[in-house]
Amino acid sequence: MTDSVSKALAHLDARWDEYLGQLVELSRIPSVSAEPSPSAGVNASARKVCDLMTAAGLESCRVIEFPGGHPYVYGEWLHAPGAPTVLLYGHHDVQPPGRPEKWKTPAFEPTVRDDGRLYGRGVVDDKAGVMVHVAACASYLQSGGKLPVNVKFIVEGEEETGSSSLEAFLREYREQLAADVIVLTDTSNYDAGIPSITYALRGIVGIRVEVQALDHPVHSGMWGGPVPDPVIALCKAIGDLVNDEGILNLPVWADVRPLAIKDREALTALPFSEKQFREQVGLVEGATLIGDQRMPVWGRVWRQPAVTVLAFEARPFEGSTNQIIESARARISVRIVPDQDPQKIQDAMVRHFEMRVPWGLKVTVEREHAASWWMTDPKGPAFEAASRAMTKAFDHECVFIGCGGSIPFVDPFAKVLGGVPALLMGLEDPPCNAHSENESLNIDDWKKGTRAAVYLYDELSRLPR
Ligand code: BES
């Protein structure tokens, strides 16, 4: 271990409470990017991240705004001539908190419980990921005055809503952001304590569909029979989105890249227990795991498309009465995989509702965000460096995994930077409940992940150019 690494690690060890305090402060800010811009919460978290980067010793730290979007934060340290440049990425925005009564402690009052986890909205997705790199940079800069690599650090403010300013951001900053490798801490570990590098992300496309039958609700006894119910019509079309096995029933499978033999072998080599999987998601007893039964369970999540109804509105129970209501609407997303084209899938979703809603009702479909999938072959010196860094920090062999979630930044950035390696290091774990109530961070793995970043910057300094 080089002297600068041991000094940085000692510095980190001495300051855990300080960094945990900073993470708690950052997580108190309700930076919900689903709010319209400008959002006081997202703006406040951007300023906070900028202050944390400055305090860490990064330079030229600033908040970058785009009209109608939520702010990015940028900081850099570029005084390692001849060494590679690492583009660090994280996001400071969070999902909406969900139902307050389901939180054991309030979403924006981050709380450490005696299970060794910090609870709060955004703690793991992705404020701890941001803090991994703030703390790792600070540890080098404050213990030895320098980093082993050049660093450009971007923290996005609208990842959780599909990164709508990403194109504009790329157009304006692509040259300034040139780098030899991209590093992110916004994905999962296969399990707590198992360091994991993600080599594939699903993409996502969404639509909103509204079905209208009437211009006003009517008495279901006076008119029910001949008059079509828009809720049933919409449900029929939604039900048609999957077949009886729960497999996506859109004509979009031709482009799904088959699982290569080596990928299947790698997947089945990972420890897997269906019982544990069911417990982790909290599946009711007797329920079937749906989808393509020839594919291992994680293969269905990582390498096959999946449809979800994100929202459905008809008439709430409260105030409901014997009526045929006038309309119903839904938000629906499809997670997409290599080699599916986001536009083609969105077109297929639109066509599905235009064709499958029965009885000639009025159907209006709007397109929402579309983000591409990303996949790489995790081979070569950068992945070897990351694997060594993670293995050392966790004292456990690093594994390579896919991911069913999406990070819109990764594919376009890796392409614009000429196909440089993107190292996606895990932090989330099966019990973390990201996007749901009682989101939490495994504090021990966060510390290990930060130590892994310290090792990684050092490992990357020796990357062949
Ligand atoms: N951290 C997640 C990505 C992720 C998901 C990692 C699941 C590991 C497991 C990321 O912040 C996220 O949630 N992304 C959104 C993106 C979407 C709005 C375009 C997602 O996947 O829903």
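Reckoned from all heavy atoms, side chains included, excluding hydrogens, waters and symmetry mates. First listed ligand is number 1; within each ligand, the first listed atom is number 1.
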Assign the ring pair Tyr72 / Phe169 to parallel, tilted or perpendicular, where the plane angle (0 to 90°) is split at 30° and 60°. parallel
For Ala40, the side chain to side chain contact (heavy atoms under 4.5 Å, CB included) test, sequence neighbours excluded, returns none
*Flag the pair Phe153 / Tyr74 as yes when their ring centroid distance falls below 6.0 Å, and as no otherwise.*
no
May I have the list of side-chain donor-acceptor pairs in residues 413-420 shorter than 3.5 Å, sequence neighbours left out?
| unit_1 | atom_1 | unit_2 | atom_2 | d |
| --- | --- | --- | --- | --- |
| Lys415 | NZ | Asp411 | OD1 | 3.3 |
| Lys415 | NZ | Asp411 | OD2 | 2.8 |

Self-check item: Tyr89 and Phe409 aromatic centres sub-6.0 Å
Solution: yes
Numbered in order shown, the ligand 1 atoms found under 4.0 Å of a heavy atom of Ile204 are 19 (C)
Here the atoms of ligand 1 under 4.0 Å from any heavy atom belonging to Thr187 are 6 (C), 8 (C)
Of all protein heavy atoms, the one nearest atom 5 (C) of ligand 1 is Gly405 CA, 3.5 Å
closest protein heavy atom to atom 10 (C) of ligand 1 is Glu159 OE2, 3.2 Å
Check ion pair Glu368-Arg208 (N to O, under 4.0 angstrom): yes
Q. Arg121 side chain to Ser436 main-chain N or O, any donor-acceptor pair under 3.5 Å?
A. yes
Ranked by distance from atom 13 (O) of ligand 1, the top protein heavy atom is His435 NE2, 2.7 Å
A student checking ligand 1 against Ser188 at a 4.0 Å heavy-atom cut-off should list atoms 8 (C), 9 (C)
Atom 6 (C) of ligand 1 sits nearest the protein heavy atom Asp186 O, 3.4 Å
Margin query: Does any N or O of ligand 1 fall below 3.5 Å from an N or O anywhere on Glu428, backbone included?
Written below: yes
Within 4.0 Å of some non-hydrogen atom of Pro408, the atoms of ligand 1 are 19 (C)
Under 4.0 Å between heavy atoms, the region of Ser406 that gets near ligand 1 turns out to be both
Looking at Glu156, Arg335, His91, Glu158, the heavy atom closest to atom 22 (O) of ligand 1 belongs to Arg335
In terms of heavy-atom contacts, Glu109 and Arg28 come closest through CA-NH1, 4.3 Å
In this structure, atom 18 (C) of ligand 1 is nearest to the protein heavy atom Glu160 O, 3.5 Å
